[in-house]
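Reading through the structure tokens given below for one structure.
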Amino acid sequence: MSSHAVIRDDDYVIDQNWAGYTTDEHAVWDFLYRRQRDILADRADEALLAGHEALNLNRGGIPDFRVINAELKARTGFEVVAVPGLVPDEVFFTHLAKRRFPAGQFIRGRRQLDYLQEPDIFHDVFGHVPLLTNPMFADYLEAYGKGGLRAMQFGKLKNLAALYWYTVEFGLIETPKGLRIYGAGISSSKDESIFALDDPSPNRLRFNLARVMRTEYRIDDHQQTYFVIRSYKDLIHATVDQDFAPLYMRLADGVTYKPDTILPSDDVITQGTQAYALAKIAGTPG
Ligand code: PHE
Ligand code: FE
């Protein structure tokens, strides 16, 4: 009998088991949904708000993926799939490359309404999925997935992860009404939704690809710097339409910037009160 190892092609996808959520879990969703909708009404970018409407995430309780996927697939061909929690990078990238967004199946408990480290269904579905109804943003995430697999080969995953962090998670966009939120890490967080736009302490800098990819980030606190795009079209032009290979070569020098740093070359929209301006240091004698 021939024996060979079973090659597992594990995509980590599980059944959402929508019928298995408790009444209290549905109530947690409803509470978080209403609270964020009020906060975001004049803080979120209109593409994000349009996504909330399109998916009708307020039917009562945790959304059933079978229901929202019908709408999502029709709009952009994306679908959301349930996973137990964080998945390995390669698995994550492969899903995105195939227009599948992996979302945590579980919902946070009542003691963690305001913050939890692991992405749960509220962060993933309320935060990420609405913008996937937008054709440009859907293209961006698919390309990001493909780009992630490529970055692994270049050994530049950290740099590419910073791009995800400062756009998909914590991105701001300039609109005629002022700065608006599109990043899911902001839009799914009560405190950061207010902090990102209103607080005087963080820097708000114009998005610049190479700059962003050298920037470190904090996962345990609000951001000290937000990067601001002019439009999704601009973001796509700067990323999807560029070959990152030459950039990866330049990044090989290993230079990175602390999250609070402002460089002389930065296009500063608002300088945070906590900013660390490198220009001043560079001018110091000795
Ligand atoms: N164009 C990038 C590359 O050549 C891939 C990419 C696209 C990365 C979109 C991020 C976002 O690797
Ligand atoms: Fe996220």
Side-chain angles (χ1 to χ4, degrees), residues 32 36 48 51 78 80-87 89-108 115-132 134-171 181-189 192-193 196 207-215 217-220 222-223 227 229 231-252:
L32 292 170
Q36 280 319 96
L48 179 51
F78 244 95
V80 50
V81 293
V83 292
L86 285 174
V87 299
D89 294 327
E90 195 172 350
V91 174
F92 181 65
F93 294 141
T94 303
H95 279 305
L96 292 183
K98 294 180 176 171
R99 290 199 174 233
R100 290 195 296 253
F101 191 86
Q105 185 270 349
F106 71 101
I107 191 154
R108 66 195 69 183
Y115 181 78
L116 80 170
Q117 196 122 348
E118 280 261 302
D120 73 338
I121 196 167
F122 186 75
H123 167 78
D124 281 332
V125 173
F126 182 86
H128 287 289
V129 175
L131 267 183
L132 296 175
N134 180 286
M136 282 187 288
F137 210 80
D139 286 351
Y140 179 59
L141 271 197
E142 180 197 336
Y144 182 87
K146 292 175 177 157
L149 297 169
R150 192 166 183 233
M152 292 178 90
Q153 289 162 2
F154 281 89
K156 289 285 170 285
L157 214 50
K158 256 195 83 187
N159 301 281
L160 195 75
L163 173 63
Y164 190 88
W165 191 261
Y166 284 115
T167 59
V168 178
E169 294 290 358
F170 292 97
I181 295 159
Y182 74 90
I186 308 177
S187 71
S188 62
S189 156
E192 195 142 359
S193 291
F207 177 85
N208 172 293
L209 178 69
R211 172 15 163 152
V212 167
M213 287 182 51
R214 289 184 187 277
T215 309
Y217 52 87
R218 305 187 54 155
I219 60 165
D220 59 343
H222 299 332
Q223 302 309 302
F227 289 94
I229 59 170
S231 64
Y232 301 115
K233 207 167 158 236
D234 256 31
L235 177 62
I236 287 194
H237 181 65
T239 57
V240 181
D241 298 346
Q242 308 295 324
D243 176 5
F244 283 15
L247 176 58
Y248 290 147
M249 298 306 159
R250 279 181 273 133
L251 291 171

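One is the number of the first residue; the rest follow in order along the sequence. For ligands, and for the atoms within them, numbers begin at 1 and follow the listed sequence.
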* To do: Kindly indicate, with the supporting measurements, whether the criterion side chain to side chain donor-acceptor pair (under 3.5 Å) is fulfilled by Glu169 and His128.
  => CA-CA 8 Å; Glu169 294 290 358; His128 287 289; 3.1 Å; yes
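Looking only at atom types and distance, the side chain of Thr167 has a donor-acceptor partner in the side chain of Tyr140 under 3.5 Å away.
Nearest to the Fe ion (ligand 2), among the N, O or S atoms that Glu169 has, is OE2.
Taking the side chain as every heavy atom from C-beta outward, Gln223 and Glu192 approach each other to under 4.5 Å. You'll find the side chain of Leu131 reaches within 4.5 Å of the side chain of Tyr232, heavy atoms only.
When every heavy atom of Ser187 is checked against every heavy atom of Gly127, the shortest pair comes out as OG-CA, 3.7 Å.
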Pairs under 3.5 angstrom, nitrogen or oxygen on both sides, ligand 1 versus protein: list them out, please.
unit_1: ligand 1; atom_1: 1 (N); unit_2: Thr239; atom_2: O; d: 2.9
unit_1: ligand 1; atom_1: 1 (N); unit_2: Gln242; atom_2: O; d: 2.6
unit_1: ligand 1; atom_1: 4 (O); unit_2: Arg150; atom_2: NH1; d: 2.6
unit_1: ligand 1; atom_1: 4 (O); unit_2: Gln242; atom_2: O; d: 3.3
unit_1: ligand 1; atom_1: 4 (O); unit_2: Phe244; atom_2: N; d: 3.0
unit_1: ligand 1; atom_1: 12 (O); unit_2: Arg150; atom_2: NH1; d: 3.1

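Between NE2 of His123 and NE2 of His128, the angle at the Fe ion (ligand 2) works out to 90°, rounded to 10 degrees.
Taking the ring centroids of Tyr164 and Phe92, they lie under the 6.0 Å cut-off.
Between Tyr182 and Phe137, the two ring planes are perpendicular [angle over 60°; tilted spans 30° to 60°].
Among the backbone and side-chain atoms of Asp124, none of the N, O or S atoms lies under 2.8 Å from the Fe ion (ligand 2).
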